[in-house]
Amino acid sequence: MKFHFTAVAVAAALLGVAQPSFAANISISASSTGKNLDLFRKQLDEFEKATGNKVSIVTMPSSSTEQFSQYRLWLAAGNKDVDVYQTDVIWAPQLADQFVDLKDAAKDVVGDFFPSIIASQTVNGRLVAMPLYTDAPALFYRKDLLDKYGKQPPKTWDEMAATAKEIQEKERAAGQKDLWGYVFQGNAYEGLTCNALEWVKSSGGGQIIEPDGTISINNEKAAAAIDRAKGWVGTISPGGVLAYQEEESRGVWQTGNAVFMRNWPYAYALGNGGDSAVKGKFDVTTLPVAKEGDTPSSTLGGWNLAVSKYSQNPDVAIALVKFLTSKESQKQRAIELSNLPTLSALYDEKDIAAAAPFMPNWKPIFQNAVPRPSASAKVKYNEVSSKFWTAVHNSLSGNGTSAENLELLEADLTTLKGENW
């Protein structure tokens, strides 16, 4: 589908934002995951054509952990070279003081967004970022292979592992030597926090730190959940999965070398691309649970756009943010990249349902998704997450048992918390 942004559409996104009388040069930092940069460039070209301003892209690595570290350095130094930042949903409390309050500029559109997402980007009454797209991961599965062996999409983690093992063994015996049963994100970074939170929460083991600030991670159910995942490494998952991030997992999946994959919705559109070996052969379902009756637990993700308080052209930067988060821009992003919109009305769009059939059914998944404990840990969240993913990675690597590592983690988090978060 070809998109054409009319001058009227661009103007609508700019309403309420004071425009300078001269053309400005601004920049936006953006993740290089998937085809994110390609779509941004197309949309920025339309913005430039309609406004006369110029926008350059500062390319960021796909690892959100690396992005956060770089952002923090730039913002602490008062960097004027980046005007708009693409930000993870969890960063708002940590970077809020460095961003412009968008509440007044967005007052005409803020009611169109999901309230929970707006709330996640509001710190001390200030709207520090506008929601670009939301996220909740799924279990991708090879429908053709499950049909071939008479299997149903798994409901539990053990069922997933058993199905993965059986199909992996039979397909390898038939000549598919590179096939693996399951790929996920096992590298020591924020993505492992997301994966492990899903294992733990879907097993009744809590969510690391509870909403009231209680440290809950050191419990038997959490340890058992991580032990279960350790059993996948080297059996249904390659040993190298401990270095995988989203794109490495997708690489294995998209070349046809995995039965199951845990990943975010962006992988759906790419998996059905013309260069994909699994085009038309897969579907998605909710992530498994420990046992029947448990609640599936997808980690709440999502990306937003914030304006640096050091920007020398804040009005143009705000206008760009409103344009990129507008209905027309989000519709294009949903169709071309299968990113989940943050505007409720778009889930009723027939064009989106046709391009990403899973999306309308995904609305309740992300609305019930599990947030990482950034609201509880506040400015200490990044350290909490780093300590958590390190403990989990150690366990998956055989460096200490899960029970031992979670006991040490609890002690570390208790020290980090001090009197309060």
Side-chain angles (χ1 to χ4, degrees), residues 3 5 10 13 24-51 53-75 79-92 94-95 98-100 102 117 120-121 128-135 189-191 245-247 250 263-267 269-270 301-314 316-326 328-342:
F3 276 81
F5 289 90
V10 177
N25 292 306
I26 65 170
S27 63
I28 179 172
S29 65
S31 168
S32 57
T33 301
K35 295 185 176 179
N36 184 52
L37 296 177
D38 295 340
L39 180 59
F40 261 137
R41 188 65 263 168
K42 283 197 289 188
Q43 294 183 338
L44 295 177
D45 289 346
E46 295 288 349
F47 180 81
E48 290 181 346
K49 190 186 306 179
T51 67
N53 299 301
K54 296 295 181 185
V55 187
S56 59
I57 297 177
V58 179
T59 301
M60 301 304 297
S62 59
S63 165
S64 61
T65 302
E66 292 177 36
Q67 285 182 55
F68 181 81
S69 297
Q70 185 61 67
Y71 283 7
R72 197 152 58 172
L73 287 173
W74 283 341
L75 291 164
N79 187 311
K80 293 181 171 63
D81 296 332
V82 179
D83 300 273
V84 176
Y85 287 84
Q86 184 182 357
T87 61
D88 198 333
V89 67
I90 56 174
W91 296 344
Q94 301 168 85
L95 301 178
Q98 311 286 356
F99 294 145
V100 170
L102 301 174
I117 304 177
S120 75
Q121 299 307 297
V128 299
M130 289 284 286
L132 180 65
Y133 64 93
T134 189
D135 239 350
Y189 78 121
E190 184 66 28
Q245 296 185 15
E246 284 81 0
E247 288 290 80
R250 183 175 69 83
N263 217 327
W264 304 90
Y266 87 98
L270 293 168
W303 289 83
N304 311 274
L305 295 176
V307 175
S308 169
K309 74 175 186 180
Y310 308 108
S311 171
Q312 294 177 300
N313 294 286
V316 178
I318 291 170
L320 176 62
V321 167
K322 291 190 72 176
F323 170 68
L324 292 173
T325 58
S326 67
E328 197 158 8
S329 296
Q330 287 205 37
K331 180 176 179 179
Q332 183 182 21
R333 179 170 282 277
I335 289 173
E336 295 191 18
L337 301 187
S338 65
N339 288 160
L340 299 174
T342 57

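In terms of heavy atoms, Gly302 sits closest to Asp135 at N-CB, 3.4 Å. Listed here is the closest heavy atom pair of Ser32 and Ser62: OG-N, 3.4 Å. Closest heavy-atom contact between Ala269 and Leu337: CB-C, 3.7 Å. For Ser29 against Tyr71, the heavy-atom pair with the smallest separation is OG-OH, 2.9 Å. Asn304 approaches Pro131 most closely through the heavy-atom pair OD1-CA, 3.2 Å.
Taking the ring-ring contact (aromatic ring centres under 6.0 Å, His included) definition, one finds that Phe99 meets it with Tyr85, sequence neighbours left out. Annotation: side chain to side chain contact (heavy atoms under 4.5 Å, CB included) contacts of Ala267 (sequence neighbours excluded): Phe140, Arg250, Met261, Asn263. Every residue two or more places apart in sequence or in another chain that forms a side chain to side chain contact (heavy atoms under 4.5 Å, CB included) with Ser56 is listed here: Ser27. In this view, Tyr133 satisfies the side chain to side chain donor-acceptor pair (under 3.5 Å) rule with no residue, not counting sequence neighbours. In this structure, Ser64 has no side chain to side chain donor-acceptor pair (under 3.5 Å) partners at least two apart in sequence or on a different chain. The side chain to side chain donor-acceptor pair (under 3.5 Å) check on Glu190 picks up Arg372, Tyr381, Ser385, with sequence neighbours excluded. For the side chain to side chain contact (heavy atoms under 4.5 Å, CB included) test, residues two or more places apart in sequence or in another chain that qualify with Ala92 are Gln121, Val123, Val128. With sequence neighbours excluded, the residues satisfying side chain to side chain contact (heavy atoms under 4.5 Å, CB included) with Ser31 are Thr33, Asn36, Gln67, Gln86. By the ring-ring contact (aromatic ring centres under 6.0 Å, His included) test, Phe68 is found to be paired with Trp91, residues two or more places apart in sequence or in another chain being considered. With sequence neighbours left out, Glu48 forms a salt bridge (charged side-chain N to carboxylate O under 4.0 Å, His left out) with Arg41. Scanning for salt bridge (charged side-chain N to carboxylate O under 4.0 Å, His left out) contacts around Glu246 gives an empty result, with sequence neighbours left out.
Here CH2 of Trp303 is found 4.5 Å from CG of Asp88. Values are rounded to the nearest 0.5 Å. Taken to the nearest 0.5 Å, the CG atom of Leu270 stands 7.0 Å off from the CD atom of Glu247. Atom CG of Leu44 is separated from atom CG of Leu39 by 9.0 Å, given to the nearest 0.5 angstrom. Between atom CZ of residue Phe40 and atom OG1 of residue Thr59 there is a gap of 11.0 Å, rounded to the nearest 0.5 Å. Considering CG of Leu305 and CG of Leu324, their distance stands at 6.0 Å, rounded to 0.5 Å. Residue Asn53 holds its CG atom at 9.0 Å from CG of Leu320, rounded to the nearest 0.5 Å.
The backbone N or O of Ser311 lies less than 3.5 Å from no partner atom in the side chain of Asp83, so there is not a single donor-acceptor pair. Of the possible donor and acceptor atoms, one in the side chain of Ser329 sits under 3.5 Å from a partner among the backbone N and O of Phe323. Remark: the backbone N or O of Met130 is not paired with any side-chain donor or acceptor of Thr325 at under 3.5 angstrom.
Screening Gln332, Glu328, Arg333 against Gln43 for a side chain to side chain donor-acceptor pair (under 3.5 Å) leaves a single residue, Gln332. The residue from Val84, Val82, Asp81 that alone fulfils the side-chain contact (heavy atoms from CB on, under 4.5 Å) condition with Val58 is Val82.
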- request: I would like to know whether Leu75 and Tyr310 meet side-chain contact (heavy atoms from CB on, under 4.5 Å); could you show each step before the answer?
  value: CA-CA 8 Å; Leu75 291 164; Tyr310 308 108; 4.3 Å; yes
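For residues 27-37, no residue pair satisfies the salt bridge (Lys or Arg N to Asp or Glu O under 4.0 Å) rule, not counting sequence neighbours.
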